[in-house]
Each structure stands twice: as structure tokens, then as C-alpha cells.
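Please read the structure below before turning to the comments.
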Amino acid sequence: MDQNSPEVVPAIRAVIKASALCQKVRMDLAGRESILKSDRSPVTIADYGSQAIICKFIKEAFPRDAIVAEEDSKELRKSVHSNILEQVTYYVDESIPGSSMEAVCSWIDFGSRVVADRFWALDPIDGTKGFLRGDQYAIALALIENGFTKLGILACPNLHVDRDQPYGKRGCLFLALRGKGSVQMDIEDGRQRSLSVSRVNDPSEATITESVEPDHADHLFHQRLAQKLSISKPHLQMDSQAKYGIVARGEATIYLRVPSPSEPNYKEKIWDHAAGSIIAEEAGGKVTDIFGHPLDFSCGIKMEKNHGVVVTNGILHDVILEALKM
Ligand code: AMP
Ligand code: MG
């Protein structure tokens, strides 16, 4: 991995600090407290803390870069949520001593919804529902230039490091640079290894991964597709972009995200796919929407030109796209 790219070191440092905050919040069980946003999705102390830390570090290192991020401080600043803001500030202060509540809110608001020619896309906690359940979640940061992802980093603090030991040591960081491959780092000891997708070429041998949440993808359709291709292995249900990580390291062969019938016209958000997709691609995988169109990160915060997502080891991509036409 080319550590000479100027963005790599500051971005990894920011994501690792945010990952430590998220794990601390989880261990203290403060992770149970959440605010329901206007779209009814939950946001926790850790989402805010993670965004504050990453925005602060990225702005410091790259003052001219825009950051497009999922959260803002509007709800947090309301007096009914003052206890939550106090807790966010307490956790951020462990990484950035002397943090005030006002500073934390202002760092969160370095993030906006306005894209630029070059910008960072941040999901401070992807898979908040997984985080609240104690399952998988990810901290996802990508650098996008002229609509193309140049760098992707995913911290998955709760994901097993060794694909063959699902109950073993946890805490991985995935990193990809365009044209330079993908690596997985053990968050604890920093050990790195390069990643490549599975070589499975018989669809019946494939392992499918999909969301846990039934409203985020059409599980029944995924099941029918598996039957059609004689795929018998149970689907690996997992929250967050950790799914991209497990395809990149060959643990799963296919990540399916056919839009759920509860929201058939849902448009995916850039921060839910930018980091994960480059990690799967640079490990040799292929990522498109369900019609085979490349993911387009140039339309603003929503991927207006895409419908669903399909990630494969490349070898099986056309077979899956064809089977999706049923
Ligand atoms: P996952 O953990 O893969 O289920 O994905 C979590 C992400 O799903 C969240 O960050 C949301 O932005 C996104 N999401 C919310 N509603 C939907 C939906 N109806 N369809 C697809 N994704 C959604
Ligand atoms: Mg997300």
C-alpha cells in the first residue's frame, strides 16, 4: 500500500480515533441512548462523536477540502438534548483534550450536504442499528475527486480479523487507494495484509451477504435469486459496509442490495457506498447497480442514477446481473 499518498496517514489516524470513541461508548453502554431523526432513523452519542473527531482532523490536515457527512448538530443543540451533548463532549475530549460543547458542535458542522470537485464523504457510524444491537457497524470515509472515489477507509471495530475465525479477535480497518489495491489492517497491532476476492466461479458455490434490516433490501428476492442459481449456503446477514469488506477478503462472494418493496424507489446515499465500493474493487471485485451501471457519486448526496447495488468477485458479475432480470 502506497503510504506516500498525502491523504492516507491523516485519514487513517482520524478514523482510528473515531473507532476508539465508538467502542468506548459501546462498552459504557451509553450507546443505548439515541435520538430519532426526522426520517425515524436513530443517531447516537457515538455518531456525533465520531463525526466531530473525523471532521476536526480532516479539516486540520486539508483545510480547503469539503466534507459531506451524514450528521449535523441541529438536534444536538436543542436544550432537551443537552445531556447527550454533554456526553458527546466527554467522549470527544478523551481524543481532543479541552473540547467544549460549542467546539464539538462546530466540528460536527464542518460536515455539510454540499458536494464539490474534491470532497470527503463520511458516514461516522454506518449501520447505527447494528451498533445499537451490538452487531456490526463501520466508520466509513472516502475521498471523491470529480465523481470518482480515490481513497476509501472502513473501520469495522466489531468485525473478526481472521475470516476463518468468526469468533476470534475483532477490529479491522480496510483501506484502498485507486490503482494500488486493498489492504486490511488489524486495528490493535497495525498488522496489514493485502486483500483479494474469492475465485469461486461456480455460482452454486457462492456465499451471499445482505443487510440485516429487512427494510434495507429485498430479502425474499435475494432468496429467489439464490434458488435460481442453486446457491445453498445460508446468506451472511450483516449490518453496514462491513459487507464490502468481507467480499474484498473473499469471505463472501456476492453482496446483494435489491431495493426493498417497502421503499422500492429508495436512492442510496454516497456515504453508504463510496468507501466500501473502492475496497471491493481494488481487491479485484466488481460493483454496479442491479442494472449493471457503475455507481455514480457525482449527483450530490444521493446516487440518483443508480438502483440498488450488486457487488461480486468479478467472475460472477454477469451471471448475477442476468439472474436479476427474472
Ligand atoms: P445496512 O447496514 O447495509 O442495512 O445499511 C445501513 C444503511 O442503510 C444506513 O446507513 C441507511 O442510510 C441506509 N438505508 C436506510 N433506509 C434504506 C432503504 N430503504 N433502503 C436501503 N438502504 C437504506
Ligand atoms: Mg450509513
Side-chain angles (χ1 to χ4, degrees), residues 13-60 67-114 120-141 153-159 170-171 187 212-213 215-216 239-242 269 271-272 301:
R13 177 167 168 256
V15 171
I16 286 184
K17 291 263 186 208
S19 160
L21 176 143
C22 295
Q23 284 299 78
K24 180 94 189 358
V25 173
R26 262 227 59 79
M27 277 183 323
D28 293 352
L29 290 180
R32 284 181 196 283
E33 257 180 273
S34 61
I35 298 175
L36 270 189
K37 292 192 279 190
S38 54
D39 65 357
R40 312 293 301 159
S41 65
V43 56
T44 70
I45 291 163
D47 294 67
Y48 288 126
S50 169
Q51 179 158 328
I53 287 179
I54 294 176
C55 286
K56 163 88 161 70
F57 281 123
I58 292 295
K59 244 336 187 216
E60 225 164 57
I67 306 171
V68 173
E70 184 164 19
E71 311 303 341
D72 63 56
S73 74
K74 198 163 151 246
E75 285 297 320
L76 199 55
R77 287 179 189 265
K78 290 183 179 165
S79 54
V80 284
H81 294 137
S82 62
N83 65 324
I84 297 202
L85 176 55
E86 269 171 37
Q87 291 184 67
V88 175
T89 308
Y90 164 81
Y91 285 103
V92 172
D93 189 67
E94 297 210 330
S95 287
I96 309 172
S99 299
S100 67
M101 292 195 269
E102 180 48 42
V104 165
C105 287
S106 71
W107 295 334
I108 291 170
D109 291 334
F110 283 158
S112 78
R113 296 290 173 100
V114 185
W120 297 82
L122 168 65
D123 195 341
I125 290 196
D126 179 34
T128 305
K129 289 177 179 166
F131 176 80
L132 288 166
R133 269 190 259 107
D135 291 338
Q136 293 305 325
Y137 68 97
I139 295 115
L141 180 65
I153 300 178
L154 267 189
C156 302
N158 212 18
L159 184 67
R170 287 157 188 250
I187 291 180
V212 174
E213 294 292 327
D215 288 343
H216 293 178
D239 299 284
S240 85
Q241 287 167 74
K269 308 275 185 14
W271 53 70
D272 284 330
I301 64 163

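Note that the structure is a prediction, hence the values are computed from the model and not measured.
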Polar side-chain atom of Q241 near backbone of D272 as donor-acceptor pair, under 3.5 Å | yes

With no hydrogens and no angle check, is any side-chain donor or acceptor of Q136 less than 3.5 Å from a backbone partner on L159?
-> yes

Look up atom [atom1] in [X] and atom [atom2] in [Y], then write down how far apart they are to the nearest 0.5 Å.
| X | Y | atom1 | atom2 | answer |
| --- | --- | --- | --- | --- |
| R113 | I67 | CZ | CD1 | 13.5 Å |
| Y137 | I125 | OH | CD1 | 6.0 Å |
| I53 | I58 | CD1 | CD1 | 12.5 Å |

4.5 Å side-chain heavy-atom contact, [X] and [Y]:
| X | Y | result |
| --- | --- | --- |
| W107 | E60 | no |
| W120 | L141 | yes |
| V212 | K129 | no |
| S240 | D123 | no |

Could you list the residues that satisfy side chain to side chain donor-acceptor pair (under 3.5 Å) with R133, not counting sequence neighbours?
-> D135, E213, D239

Partner set under side chain to side chain donor-acceptor pair (under 3.5 Å) for S99, not counting sequence neighbours | none

side-chain contact (heavy atoms from CB on, under 4.5 Å) with R77: of D72, D109, I108, only one passes, and it is D109

